[in-house]
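Read through the structure below, which is laid out as structure tokens, and then see the notes.
Just so it is clear: chains get the letters A, B, ... in the order the sequence lines come, proteins before strands, and each one is counted from 1.
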Amino acid sequence: MLQILINTLIYSGEIGIIAVGVALSYSVLRFANFAHIQFAVVGAYLAFTLNQFLHCPLVLAVILAAVLTGGIAVTVDALVFSRLRDVTPEGKMIVSWGVALLLRSTMGAIFGSSSRVFGLEPASLQIGDAFFTSLDVVVVVVAILAMILLHFLLYSTRLGTALRALASNADLAATRGIPARRMVSLMWFICGAYAAIGGSLFALESQLAPNMDLIILLPVFASVTLGGLSNVFGAALGALGLSLAQNLLIGVDFGSWFSANSWSVPTQFRDFIAVGAMVIILLLRPYLARRRRAV
Amino acid sequence: AEDAIPVGVIANLTGTDVQSSLDMVHGAQAAADKINASGGIKGDKIKVIVEDSEYRPAAGIEAATKLFDVNKVSAVLVFGGSSVTLPIAEMAQPAGKIVLNTSASSAKLGDYPGTLYSTLPLDDIVGAQLGDYVAKEGVHTAVFIVPNNTFGTGLMDKAAAAFTAHGGKVLKEIAYSEGQPDYRADLQAVQRLKPDAIIGAGYGDDTRTVFRAARELGINAPWYVAYPSIFAVEDPKWMEGRLMGLDNGGLDSPLAKTLSLQATKQYGAAPRPNYYYAYDAMTLLGLAIEKEGTTAADIKKGLPEAVKGYQGATGSIDWDARGQRINPPMDYFVFRNGALQPAPAP
Amino acid sequence: MIDFAVFSITIIAVWSVLAISLHLQFGLTGLVNFGQVLPFAVGAYGTAFAAAHGLPAWAGAGIGVTLAPLLGLLVILPASRLAQDYWALVTLGAGEIFRLTMLNVPVIAGGDEGTSVYRFQNADLAMVLALTLLLVTLLFARRVGASPLGRMLRVLREDEVLAATLGRNPFRLQRMVTAASWVMAAAAGVLYAHVTGYISPSSFTVLETFVIWTAVVLGGPSTITGVLLGTVIVQLTSVSTRFVAQWSGLPSDLVANLRLGAYGLVLILVFLYRPQGLIPERKLRYDADRL
Amino acid sequence: MLTVCDLSVSYGRFQALRSVSLQAAPGSILGLIGPNGSGKSTFLNVIAGVQAVASGEVRLDGTLVPLGLPERVAAHGIGRSFQTPRLAHRLTVFQNIMIGARPQAGERLRSLFLQPATVRRREADIQDEARSVLRRLDLSHKANDYAGMLSGGQQKLLSLGMLLMGHPRVLLLDEPAAGVNPVLIERQINLLKELRAEGRIILLVEHNMEMVCGVCDRVVVLDSGAVIAEGDPDAIRRDERVMRSYLGEPA
Amino acid sequence: MTAALRFESVTAGYGPITVLDEASLAMGPDEVLVVLGANGSGKSTVLKTAIGLTRLSAGRIMLGECDISVLSPHRRAEAGMGYVPQTRNVFADLSVNDNLRMGGFLHAAGLTRDMEQVFDLFPRLRERRRERAGDLSGGERRMLSIGLTLLLRPRMLLLDEPSSDLSPAMITAVFDAIRQIRVETRIPVLLVEQNLQAGLSLADRVCVMVRGRVALEQAAQELNREQLHALFLEGGVRLS
Ligand SMILES: Nc1ncnc2c1ncn2[C@@H]1O[C@H](COP(=O)(O)OP(=O)(O)OP(=O)(O)O)[C@@H](O)[C@H]1O
Ligand SMILES: Nc1ncnc2c1ncn2[C@@H]1O[C@H](COP(=O)(O)OP(=O)(O)OP(=O)(O)O)[C@@H](O)[C@H]1O
Ligand SMILES: [Mg+2]
Ligand SMILES: [Mg+2]
């Protein structure tokens, strides 16, 4: 049981950092940003390059990768999204998929299609009969710190409100003296940086592959949906809930409840939980998508 | 005469497992180069045309259609799982073309006699050998851990059958989805079951993650696997003496050694086994063409003769009536001092 | 060369049907369906199920074509109260669930390995069938698009509440469109299964959905000529990369990556420079002064 | 006869309407006025079925009108124009007008494919009517522009035109004169009088007192969601509470 | 004396569409200029062009001595131009409180005091301060958007139909407030109005737009009702 909880924490930390970025950009830009997932992959590759080829210490490599990916995100915004102001949210969502494909193939072309590993050898730790590693501890701590920082940034500074104001009515915001370009760039930077950190942690824990995006896509979007799409805090909780559900369902030995034979849900049904949770929550929370008031 | 004989190679250049796939292309190319360097086949050079299957049936068929129709090849070498190889065989059969399989191992591939020939043994054969081997090593209880695909489950079924036939007990069969970042959840059950051994199969990237999950969860049972050479070891210290397995043999043949050296020089790393399967496939194809001619019908006639007495990179090749490899030489390995070392047969 | 051309035309026709089905949903009605591969897969798997269980081919086609709209209605159920981006995620998820089910439950149609189905031995016949299906869907979509019904669907695309206060049931219309377009996609799936002769889950990933989207968005989602043009361009690009790799001498894996990137680039550039697609929706002009 | 009984609406703890009841007879114009935020638009929304949270009942000629289902309400012949106009922005003005017409044979698949002649005939009729409505609202020169590109006042007019195309028995008008220029307001007044003569029931929410006094037979005043006064326009103008809360003139 | 705001044969519009056609107009440094005109004659476009929300294709716009034609809207807001739009006039997804906070984005210091003043002017908003602005009634939103602009501490007001959707009492309150502000700070006001009575009660000068051009510019007292009526009709284009 303890093991299940530990696994839950680790997985939700990895997914959560990426998910809060999606929620952040949704709350500001009002569209589901698929490119965000790819930022995570790009960030991980950058960290890998810095660490393995340029021999940066790992921590520095991840921080540099976060900054660089933030820069890439800002560039993507400047080249693409900032010029799409009149496009519908659906349109932007499709464009973000286009950006994701482009980044994906660039990564594939540069780094090849096979996967890579950082080759870290973290120490193994043990509490009772539950096992984890020092790296796991780092992942969880970083995730928690990152989320607290973001929460502070959004809710205790004017920045968050200004970002939401921009999303709600850009023209009006401009005429209130809100410097739209700078604000939105900042948001993209934060998103990119968070994605990169999340992606790097993910890659450190497992491996690095160009198709990593497809692996994290469903759990991340399911978490964000669970949290109510535009709610940063909700996305983090969503990641936790989803991760718990997945680990419980797979980890619990249902067979032993009814008979002597052990039987648990085959692990390949893990993704069903992500999608299933998403669908159920959407059915149960119609007010989430409350229609615009009819005046 | 500078007429070229076109030969198709269908590999997945995008999608999963691109690296092995490229090795396979290199192997085919090496054989073709060798034939061409020695003057070609009756003066005609072999021209290798590579197409992408994206590891998807539809794209594989598109590639095959193009090769058969536009490039007028009589035979294709295919790399890819059975979900790619089977559909290609399916369409080649009525078209009267030849498919040479260099990587898929589903037992179903045996259903296309006269169309599909394999230079590696299929799962039914290797699986049974694996089961026997584990039982003979004195293992009584085991957990299976394989990727959830035809290769994994097919092998698992045959191995489990052989293992239980020798009185072994299968505690659990785990088929994991490929490409997951973390397999802790999958392996938790094993922690509880405490088996004598773990029996497995898998591809490099995933196996590394699986090993890591096992190590982190404190699962210390030894691993008996099929094709250990395609496994990626994560932590050599922990793995020391803990990974054993059997592989298609013959790779220690003098020919394979020369090829390995040559490929290492050319591409910077020793190639994976698919290199040698492709090498053999291409060489056999060349022999068949030399014997009978370039049409598919000629090749079909020529292949069974070509294989007789052939000493390839993967040892001697015996085909049954279906064109599938039987009695393959088997090698046994154990992981020691950071590498796979030959081990005695049980 | 001829056979390959015939094969390519058949495939393009199949994808065109898919594009038209997305045109009905997105271009006209504004439903953002990120799981358009689902009805396609259902059609194909109906066929595969029949083949794997020894049922005749027509039974497979029947299963696929009836099951798809039913599933469509099930999936669209929450849509009656969902904003568009939620629906996009639900359909994306539904498509993935179906694929995962096919992957993990081998009794249906062979799991990961897939299953072979009856393959048209006569490539010309396959092409004629595909073109016929295309023609039928095209005529249907054109009739609907140019009619008062099409006009009301476009209202739905803009503002559902408006349609409701004008006395139309938005949900009923959405259901109708979904059912019709999913039948089309399923029929395309059946045909696709018989053309390729082999069905496995890897043919129905999220990427397939986005290939359809690229085509539709590129050509112009709201016009039929647009989506057809888009499909032809995208599919020809895809086919021609095979030749490009050969002639350019670039490594094939690089070319394959570039193709993927090209799809992405097309999506971006189209939205930047031609947000309505290559062929934008034409304004229907009326003479307001006539008495 | 439109009868509204005990209509209440609340958003959380905030009560937007407190058991409002009123009646309107065919061939009459009922004015609905009140300070900002007093619940006038909410009231119209409830009758039109756009606003779901409600208790109370609405009857038209004795039959119960379903609450919360706009499409069913519209089928009873009740039409609503919105304070902030709702339009199909990417359709032309002419198309917007046309979609107001109801029923349309061409919107059913069956008639579309089986009775094309009927569809064509109905479509021609609708076009003729659309032309005359556009002329009346002075929008003919904008007929082939996208509705999203109209100025604020023009959008208002267009949404009124859409409503007229449906020939509703009951018209719920939400500030039709706001943002409309004085000349066209006069035309609107004439239009409303014509509709009254045809025997329609009109509920008019409006802040333009000239218009309200010019056309309304009776006026109901809302404040904080409750009716505070009711009577003919002149009496309302002199009512002290109305002056205090709404007109803002010293008593 | 230089004008506070001057359009020098300005041609402007939306995308490919041109609406203002070489319009010239000037507003004195301490003046209320009321813009009248039929629906669609281009009144709102004048204001949007002044604040920089349209595409300017020719001519220039002077703020005092300064050419602001190329400045972005937020720079113009920093320069003291306070704009109340006709439509889409609040941040619909934000609460009333957050809306006001954004109104005072440039003047964070003393924001609470300023907000209290807005609430004093519009007590209704105080009651609804936690509500989502998109849920407000039409009139409440108009009040909010006026409040948003006052928080900018403007040195010039550009008001687009501030009276529409408002109750008579509220119109009086708003216009009284504008008068009050003018008494205190003497800032110029550019006002678009359909409510002739209210508009003219404040006006120093009047200009009438007809199809994107300034057809008449006159002191308010000299205005001739008949002439005005005719211009409205002409603005309405082609009457049968
Ligand atoms: N969805 C909602 N959630 C919360 N409050 C709401 C909602 N809709 C309306 N309200 C509140 O109900 C009250 C009545 O609104 P309504 O739009 O009916 O006013 P109104 O009388 O039409 O005012 P106006 O004359 O300004 O248009 C307002 O105070 C408004 O804030
Ligand atoms: N976003 C837009 N895109 C294209 N054309 C527009 C747009 N907004 C307004 N127009 C056109 O510009 C012209 C002038 O519009 P404007 O909004 O300035 O009129 P107005 O005088 O303010 O009218 P009203 O009194 O109705 O508010 C109109 O003909 C309108 O159709
Ligand atoms: Mg109202
Ligand atoms: Mg205006």
Practice item. Would you check if the side chain of A:Arg158 reaches a backbone N or O of E:Phe105 as a donor-acceptor pair within less than 3.5 Å? Key: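 Yes, A:Arg158 side chain to E:Phe105 backbone: donor-acceptor pair under 3.5 Å.
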
Review point. Side chain, backbone, both or neither: which part of E:Leu151 has an atom under 4.5 Å from a heavy atom of chain A?
Key: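 Neither part; nothing is under 4.5 Å.
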
**Study point:** E:Ser72, part contacting chain A, at a heavy-atom distance under 4.5 Å
**Key:**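 E:Ser72 has no heavy atom closer than 4.5 Å to chain A.
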
Is it the case that atom [atom1] in [X] sees more than 12 heavy atoms from other parts of the structure closer than 6.0 Å?
{"X": "E:Arg130", "atom1": "CZ", "value": "no"}
{"X": "E:Phe119", "atom1": "CZ", "value": "yes"}
{"X": "E:Tyr14", "atom1": "OH", "value": "yes"}

Practice item. Report yes if some heavy atom in the side chain of E:Thr149 is under 4.5 Å from a heavy atom in the side chain of A:Thr175; otherwise report no. Key: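 No. Closest side-chain heavy atoms not under 4.5 Å.
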
Practice item. With a 4.5 Å heavy-atom cut-off (strictly below), which parts of residues 234-246 of chain A touch chain E? List them by number. Key: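 Within residues 234-246 of chain A, no residue comes under 4.5 Å of chain E, counting heavy atoms only.
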
Review point. Of all the residues in residues 178-197 of chain A, which have a heavy atom that comes within less than 4.5 Å of a heavy atom in chain E?
Key: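 Checking residues 178-197 of chain A against chain E gives A:Ile178, A:Pro179, A:Met183.
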
Point to revise | Nearest heavy atoms of E:Ala77 and A:Gly177, plus distance in Å | key: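 It is CB-N, 3.6 Å.
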
Practice item. Determine the minimum heavy-atom distance between E:Gly103 and A:Arg176, stating which atoms define it. Key: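 That closest heavy-atom pairing would be CA-CD, 4.2 Å.
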
Review point. Who pairs with E:Ile17 by side-chain contact (heavy atoms from CB on, under 4.5 Å), at least two apart in sequence or on another chain?
Key: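 E:Ile17: side-chain contact (heavy atoms from CB on, under 4.5 Å) contacts with D:Met149, E:Val19.
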
Check your understanding: Rounded to the nearest 0.5 Å, how far does CZ of E:Phe91 lie from CG of A:Leu166?
Key ->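 Here the rounded value is 7.5 Å.
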
Practice item. Check the pair A:Arg164, E:Asp93 against salt bridge (Lys or Arg N to Asp or Glu O under 4.0 Å), reporting the backbone distance first and the verdict last. Key: CA-CA 8 Å; A:Arg164 279 183 294 137; E:Asp93 301 317; over 6 Å; no

Practice item. With a 4.5 Å heavy-atom cut-off (strictly below), which parts of residues 82-90 of chain E touch chain A? List them by number. Key: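 Those residues of residues 82-90 of chain E which have a heavy atom under 4.5 Å from chain A are E:Tyr83, E:Pro85, E:Arg88, E:Asn89, E:Val90.
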
